[in-house]
Amino acid sequence: MRDVTTAQPLDVQPTPLALLLLGREADPRSERGVECPGDLPAPSDPDLVARARAAKAELGDRVFVLGHHYQRDEVIEFADVTGDSFKLARDAAARPDAEYIVFCGVHFMAESADILTGDGQQVILPDLAAGCSMADMATAEQVAECWDVLTEAGVAGVTVPVSYMNSSADIKAFTGKHGGTICTSSNAKRALDWAFEQGEKVLFLPDQHLGRNTAVREMGLSLDDCVVYNPHKPNGGLSADELRSAKMILWRGHCSVHGRFSLDSVNEVRERIPGVNVLVHPECKHEVVAAADHVGSTEHIIKTLEAAPAGSKWAIGTELNLVRRLANRFASEDKEIVFLDRTVCFCSTMNRIDLPHLVWSLESLAAGKVVNRIEVDKETEAHAKLALERMLALP
């Protein structure tokens, strides 16, 4: 038997991936983990709110703060506008006089804002470790390899890439370069209609669930028309015949938040709350979407609850910060709004943007120091912008 009292500790070094996830290493081609330079204010500082107000007031019209719907309330308080990722990027582009765009969201959102804003504007992400696990599921190298697989199968020439807004600038650039377009969760059907007018097949990146749900629920395709390309398997785990027969080639990616909801969640909440309306985001799994009463984007969810009658009951399948904010907002109208699942489900990377990081960003800018600037290189920007402009031109 080993003498554990005298055993020497193993010299275990953290892996590069572990360092990324801990926010202690940099990877400019990843949505994951980069430490902020400088010292952040302590989260316990009782003057954080006053400091944020003072710095924002000092900057005045030079700064424009964007807050994604999934942000913490303490951050949303200082947002000039709130919305989903694309709405916020457009809002930033509509403010050409703002020298600084402070994007309280995640990395790919700030990239989109940089692509759509002018050369004289600088986009700031308060915490560079605020990435997106879904966006990280499709790298430029993996997608290029996928296109080679499609080429070998003889289908690349009839395949149009459609990339979800929740993707890196590199993936948006690939999409633009190969004749494709970008989509949001609210215009995915229009994007796919356009794509099928251009070609016979669609390569949908990087969220398989949004692609599948849109194709099957809204366009009349069958589940058999869809195949899933797994970048971690040779040839994506698909044969040439499977690629030739498919209409939708779905990338094997998903949202870590919406992917947690299950059919059991829907059944349980219906038993617990008689008469409840189940309203979910289309990033949820197909069986969850099929069992729901209503399906729609973040903006659709908000508008549906705004129009809901007093006394109605709702179980919402999306990020918890938003659900909790909506429950508080409509409590006075006697609308019962609960989270679809009993398990707490924050977006962990979105939650990296907190009040200390926001204060640090604003105070640094007020002191004349630009921190955490997100800047997309010109070649990538040009191709990505082309894909975004195709989306903007959709009928």
Peer 1: Please answer: with hydrophobic residues joined when any side-chain heavy atoms are less than 4.5 Å apart, are Phe64 and Val123 in the same cluster?
Peer 2: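 Same hydrophobic cluster.
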Peer 1: What's in the same ILVMFWY side-chain cluster as Val149, cut-off under 4.5 Å, chained through other members?
Peer 2: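 Members other than Val149 - counting any ILVMFWY side chain reachable under 4.5 Å - are Val143, Trp147, Leu150, Val155, Val158, Ile171, Phe174, Leu203, Leu205, Val227, Tyr229, Leu238, Leu243, Ile249, Trp251.
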Peer 1: Take atom CD of Glu333 as the centre, draw a 6.0 Å sphere, and report whether it contains more than 12 heavy atoms from other residues, nucleotides or ligands.
Peer 2: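 Counting neighbours around CD of Glu333, more than 12 heavy atoms of other residues, nucleotides or ligands fall under 6.0 Å, so yes.
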Peer 1: Could you tabulate the donor-acceptor pairs under 3.5 Å formed by side-chain atoms of residues 278-288, not counting sequence neighbours?
Peer 2:
| unit_1 | atom_1 | unit_2 | atom_2 | d |
| --- | --- | --- | --- | --- |
| His281 | ND1 | Glu283 | N | 3.0 |
| Glu283 | OE1 | His258 | ND1 | 2.9 |
| Glu283 | OE2 | Tyr164 | OH | 2.5 |
| Lys285 | NZ | Gly259 | O | 3.4 |
| His286 | ND1 | Asn213 | OD1 | 3.0 |

Peer 1: Hey, is the main chain of Lys313 close enough, under 3.5 Å, to the side chain of Asn277 for a donor-acceptor pair?
Peer 2: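 It does hold such a pair.
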Peer 1: Donor-acceptor check, side chain of Gln142 to backbone of Pro231, threshold 3.5 angstrom: yes or no?
Peer 2: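 No: the side chain of Gln142 does not pair with the backbone of Pro231.
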Peer 1: Taking the side chain as everything from C-beta on, heavy atoms only, tell me whether Asp170 gets closer than 4.5 Å to Thr139.
Peer 2: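 Side-chain contact under 4.5 Å: no.
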Peer 1: More than 12 heavy atoms of other residues, nucleotides or ligands under 6.0 Å from NZ of Lys247: is that the case?
Peer 2: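 Count not over threshold, so no.
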Peer 1: Do the side chains of Asp45 and Arg51 get close enough for a salt bridge, i.e. N-O under 4.0 angstrom?
Peer 2: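 Salt bridge between Asp45 and Arg51, a charged N being under 4.0 Å from a carboxylate O: yes.
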Peer 1: Judged by modelled atom types alone, do Ser361 and Tyr100 share a side-chain donor-acceptor pair under 3.5 Å?
Peer 2: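 Ser361 vs Tyr100: no donor-acceptor pair found between side chains.
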Peer 1: So does Arg72 have more than 12 non-hydrogen atoms from other groups sitting under 6.0 Å from CZ?
Peer 2: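 Yes.
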Peer 1: Hey, is the main chain of Arg190 close enough, under 3.5 Å, to the side chain of Asn187 for a donor-acceptor pair?
Peer 2: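 Not confirmed, Asn187 side chain does not pair with Arg190 backbone.
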Peer 1: Using side chain to side chain contact (heavy atoms under 4.5 Å, CB included), reason through Arg90 and Leu392 one step at a time and then give a plain yes or no.
Peer 2: CA-CA 10 Å; Arg90 284 194 302 179; Leu392 291 172; 4.3 Å; yes
Peer 1: With side chains defined as the heavy atoms from C-beta onward, is the minimum distance between Leu66 and Val81 less than 4.5 Å?
Peer 2: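 Sidechains of Val81 and Leu66: in contact.
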Peer 1: So Glu319 and Gln71, do their side chains get closer than 4.5 Å, heavy atoms only?
Peer 2: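 They are not in contact (no side-chain heavy atoms under 4.5 Å apart), so the answer is no.
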Peer 1: Compare every heavy atom of Arg352 with every heavy atom of Ala129, then report the nearest pair and how far apart it is.
Peer 2: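 Scanning both residues completely, I find the closest heavy atoms to be O-CD, 3.0 Å.
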Peer 1: How far apart are the C-alpha atoms of Ser85 and Asn166, what are their side-chain angles, what is the distance that settles it, and do they pass the side chain to side chain contact (heavy atoms under 4.5 Å, CB included) test?
Peer 2: CA-CA 8 Å; Ser85 58; Asn166 299 28; 4.1 Å; yes
Peer 1: Tell me whether Asp91 is salt-bridged to Arg95, with the criterion being a basic N under 4.0 Å from an acidic carboxylate O.
Peer 2: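 No salt bridge links Asp91 with Arg95.
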Peer 1: Does any part of the side chain of Thr298, heavy atoms only, come nearer than 4.5 Å to the side chain of Tyr70, both counted from C-beta?
Peer 2: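 Counting from C-beta outward, Tyr70 and Thr298 do come under 4.5 Å.
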Peer 1: Does the side chain of Thr343 come under 3.5 Å of the side chain of Asp341 through a donor N or O and an acceptor N or O?
Peer 2: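 Side-chain D/A pair, Thr343 to Asp341: present.
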Peer 1: I'd like to know if Arg329 pairs up with Glu306 as an ion pair, taking the criterion as any Lys NZ or Arg NE/NH1/NH2 lying under 4.0 Å from an Asp or Glu carboxylate oxygen.
Peer 2: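 The answer is yes: the pair qualifies as a salt bridge.
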Peer 1: Say whether Asp225 and Ser222, considering side chains only, have a donor N or O and an acceptor N or O under 3.5 Å apart.
Peer 2: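 Judged by distance alone, the side chains do pair up.
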Peer 1: Check the pair Met137, Arg252 against side chain to side chain contact (heavy atoms under 4.5 Å, CB included), reporting the backbone distance first and the verdict last.
Peer 2: CA-CA 8 Å; Met137 292 176 189; Arg252 190 176 182 270; over 6 Å; no
Peer 1: Under a 3.5 Å cutoff, is there a donor and acceptor pairing between the side chains of Ser265 and Ser262?
Peer 2: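 There is such a pair (donor and acceptor under 3.5 Å, judged by atom type) between the side chains of Ser265 and Ser262.
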Peer 1: Looking only at heavy atoms, which two atoms of Leu48 and Ala42 are closest? And how far apart?
Peer 2: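 Between these two residues, the closest heavy atoms are CD1-O, 3.6 Å.
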Peer 1: Is a side-chain donor-acceptor pair under 3.5 Å present for His300 with Thr304?
Peer 2: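 Note: Thr304 and His300 side chains meet the donor-acceptor criterion.
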Peer 1: Side chains of His294 and Trp314: does their closest heavy-atom pair fall under 4.5 Å?
Peer 2: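 Heavy-atom side-chain distance check passes, below 4.5 Å.
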Peer 1: Below 4.0 angstrom, N of the basic side chain to O of the carboxylate: do Arg342 and Glu268 qualify?
Peer 2: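 A salt bridge links Arg342 with Glu268.
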Peer 1: List the steps and the verdict of salt bridge (Lys or Arg N to Asp or Glu O under 4.0 Å) for Arg244 and Asp241.
Peer 2: CA-CA 5 Å; Arg244 293 183 189 116; Asp241 285 341; 3.0 Å; yes
Peer 1: Against His69, only a single residue in Ile302, Leu88, Asn321, Ile76 fulfils side chain to side chain contact (heavy atoms under 4.5 Å, CB included); can you say which?
Peer 2: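 Exactly one pass, corresponding to Ile302.
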Peer 1: Can you list the steps and then say if Arg212 with Met248 is a side chain to side chain contact (heavy atoms under 4.5 Å, CB included)?
Peer 2: CA-CA 8 Å; Arg212 181 183 296 106; Met248 290 287 292; over 6 Å; no
Peer 1: Compare all side-chain heavy atoms of Thr184 with those of Glu299 and state whether any distance is below 4.5 angstrom.
Peer 2: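 Not touching, per the 4.5 Å side-chain cut-off.
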Peer 1: Give a yes or no on whether the backbone of Met391 and the side-chain of Thr181 come within a donor-acceptor separation of less than 3.5 Å.
Peer 2: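 Between the backbone of Met391 and the side chain of Thr181 there is a qualifying donor-acceptor contact (under 3.5 Å).
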Peer 1: Might you confirm whether atom CG of Asp61 has over 12 heavy atoms from other residues, nucleotides or ligands at distances under 6.0 Å?
Peer 2: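 No, because the 6.0 Å sphere around CG of Asp61 holds 12 heavy atoms or fewer from other groups.
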